[in-house]
> 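This is the structure, below, for whatever I ask next.
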Amino acid sequence: MACKTSMSACGGFSKQAMEQAKMHPCYSEDAHHTFARMHLPVAPKCNISCNYCNRKYDCMNESRPGVTSEVLKPEQALAKFIKVKEAIKQLTVVGIAGPGDALANWEQTKSTIALIKQHSDDVIFCLSTNGLMLPRYADEIVELGVNHVTITINALDPIIGSEIYKHVVYDGVAYEGKHAAEILIFNQLQGLEMLTKKGVMVKVNIVMIRDVNDKHIPEVVKKVKSLGAFMTNIMPLIPAKGSAFEAYTQTSMKDIKEMRAICELDINQMHHCKQCRADAIGLLGQDRSIEFRECETNNDNKLVSSTPFNSKYRVAVASKSGKIVDQHFGHATEFLIYEIKADAHQLLEKRSVGKYCNGNEQCQDDKRQQIIAMLADCDAVLSLRIGHSAEQKLLEQGIRSYQHYETIDTSLEYVAKCLA
Ligand code: CLF
Ligand code: SF4
């Protein structure tokens, strides 16, 4: 570490990147107890299709399955950053990790970084990408001052890649099979090398999928190391409902640990990844994003919600598990009726209703009206998803609707915040 200037390279990484890594909670295991990061969800689109992804949710290359984040415009992202920086003094890193791919939304990603840089010059920027567009944007990434980039590289062999990726859309053309994987892998490796040659610290995420790429991982690790990667983060496949890999076996943490131990001989391993959401905020593992999330109400809802917080509200929650808000409004046969106050909530009753949506979206109006009538004493409905038409019908009865995929406790806190 005998670098004299911020532009010189220490072991391939710029001095600035090395210094920043000490305050980066993902790049330094020690730092993750002290320093916080925030993700700005400005990147909704994606340009590839991973078979483990359900596109209703955040990018699976860093997030747990089933997590949905809000989407912000760059100006909104700046406003949010200012608010969070004021509230969380240990905030050092601003990352863009979805909900789709940071580089498939390059204009939004670039504007967001530029706006925040103008406001604060001490921020460490971080990007997460599938790597398809890296060769095109690597130079701009470096010019923007981004010193930390994560690329998810699951395979070097296009035949293995073709089992993982359904398609790749590159320069407006959709590719499938082996050819799609070849394009993606070529760009990932080329982009990785372009970044590391300029001193960027690249972390490579690898999703370990049993009987697909598991035996291939040591080879991937050796290759990315030879191209200058700083570390690898071997993550378990957690089969996401609704994805092509829905029925695949979840990778056990025992297998992950064994693979990390093998690969640790070649390159640093990340052991403390929390697979955070695309709008995560705070220390790793202590997500505070809910404190800073805007209420996802439409304009009509906002009109109704202009009343001050009453002493209490009644909320119908669509939940099958009884713990998580995990049901679509139209698929619920039972609602949990909660009474919420500004700082507390309690379950009043379980109310059975007839399911009105039969799964192919031919929802039955009369049944829906019946359900809405059965929820007439409620002020709000909380569900995983709700169709626009159902939302409007509820609103006509003065019932607001909120969509939130979290535990019931957390989601009710969110609703209380929205109603306040
Ligand atoms: Fe975010 Fe990723 Fe940057 Fe970290 S997360 S873009 S490198 S600032 Fe960190 Fe979260 Fe794991 Fe990612 S714990 S999912 S590795
Ligand atoms: Fe989903 Fe893959 Fe795109 Fe991430 S990169 S959003 S996992 S398709």
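What you see below is based on every heavy atom in this structure, not just the backbone, and it leaves out hydrogens, waters and symmetry mates. Every number for a ligand or one of its atoms is a count from 1 in the order of the listing.
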> Going by atom types alone, do Tyr52 and Asn61 pair a side-chain donor with an acceptor below 3.5 Å?
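A donor-acceptor contact under 3.5 Å links the two side chains.
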> Which count of protein N, O or S atoms is obtained for distances strictly below 2.8 Å from atom 10 (Fe) of ligand 1?
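The number of such protein atoms is 1.
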> Go through the steps to decide whether Glu182 and Lys178 satisfy the test salt bridge (charged side-chain N to carboxylate O under 4.0 Å, His left out), and finish with yes or no.
CA-CA 6 Å; Glu182 271 167 358; Lys178 193 172 157 231; 3.7 Å; yes
> List the atom of Leu132, the atom of Asn187, and the distance in Å for their closest heavy-atom pair.
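For Leu132 versus Asn187, the nearest heavy atoms are O-ND2, 2.8 Å.
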> Only protein N/O/S atoms count here: give how many lie under 2.8 Å from atom 3 (Fe) of ligand 2.
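The number of such protein atoms is 1.
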> For a quick check under 3.5 Å, do Asp287 and Ser289 share a side-chain donor-acceptor pair by atom type?
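Present: a donor and an acceptor within the cut-off.
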> Are side-chain N/O atoms of Thr410 and Thr407 paired as donor and acceptor at under 3.5 Å?
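The answer is yes; a qualifying pair exists.
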> Test salt bridge (charged side-chain N to carboxylate O under 4.0 Å, His left out) on Asp266 and Lys222 and set out the steps.
CA-CA 7 Å; Asp266 285 309; Lys222 283 184 199 308; 2.9 Å; yes
> Between Glu264 and His271, do the side chains contain an N or O donor and an N or O acceptor separated by less than 3.5 Å?
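The criterion, which ignores hydrogens and geometry beyond distance, is satisfied for His271 and Glu264.
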> Looking at ligand 1, would His32 count as a contact under a 4.0 Å heavy-atom criterion?
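Distance cut 4.0 Å: His32 fails for ligand 1.
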> Looking only at heavy atoms, is any part of His24 under 4.0 Å from ligand 1, and if so is it the side chain, the backbone, or both, or is it neither?
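Side chain only; the backbone of His24 stays clear of ligand 1.
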> When you compare the side chains of Ser321 and Asp326, does any donor N or O come within less than 3.5 Å of an acceptor on the partner?
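There is such a pair between these side chains.
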> How about NZ on Lys89, more than 12 heavy atoms from neighbouring residues, nucleotides or ligands closer than 6.0 Å, or not?
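Counting other residues, nucleotides and ligands, NZ of Lys89 exceeds 12 neighbours.
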> Looking only at protein heavy atoms, identify the closest one to atom 3 (Fe) of ligand 1 and say how far it is in Å.
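Looking only at protein heavy atoms, the one closest to atom 3 (Fe) of ligand 1 is Cys126 SG, 2.3 Å.
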> Among the heavy atoms of Met270, does any lie under 4.0 Å from an atom of ligand 1?
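Under 4.0 Å: yes for Met270.
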> Any side-chain donor-acceptor pair under 3.5 Å between Thr232 and Gln269?
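Note: Thr232 and Gln269 side chains meet the donor-acceptor criterion.
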> Apply side-chain hydrogen bond (donor to acceptor under 3.5 Å, both in side chains) to the pair Asn51 and Glu163, showing each step before the final yes or no.
CA-CA 8 Å; Asn51 283 328; Glu163 289 182 55; over 6 Å; no
> Looking only at protein heavy atoms, which one is nearest to atom 15 (S) of ligand 1, and what is the separation?
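Minimum-distance protein heavy atom for atom 15 (S) of ligand 1 reads Lys203 NZ, 3.2 Å.
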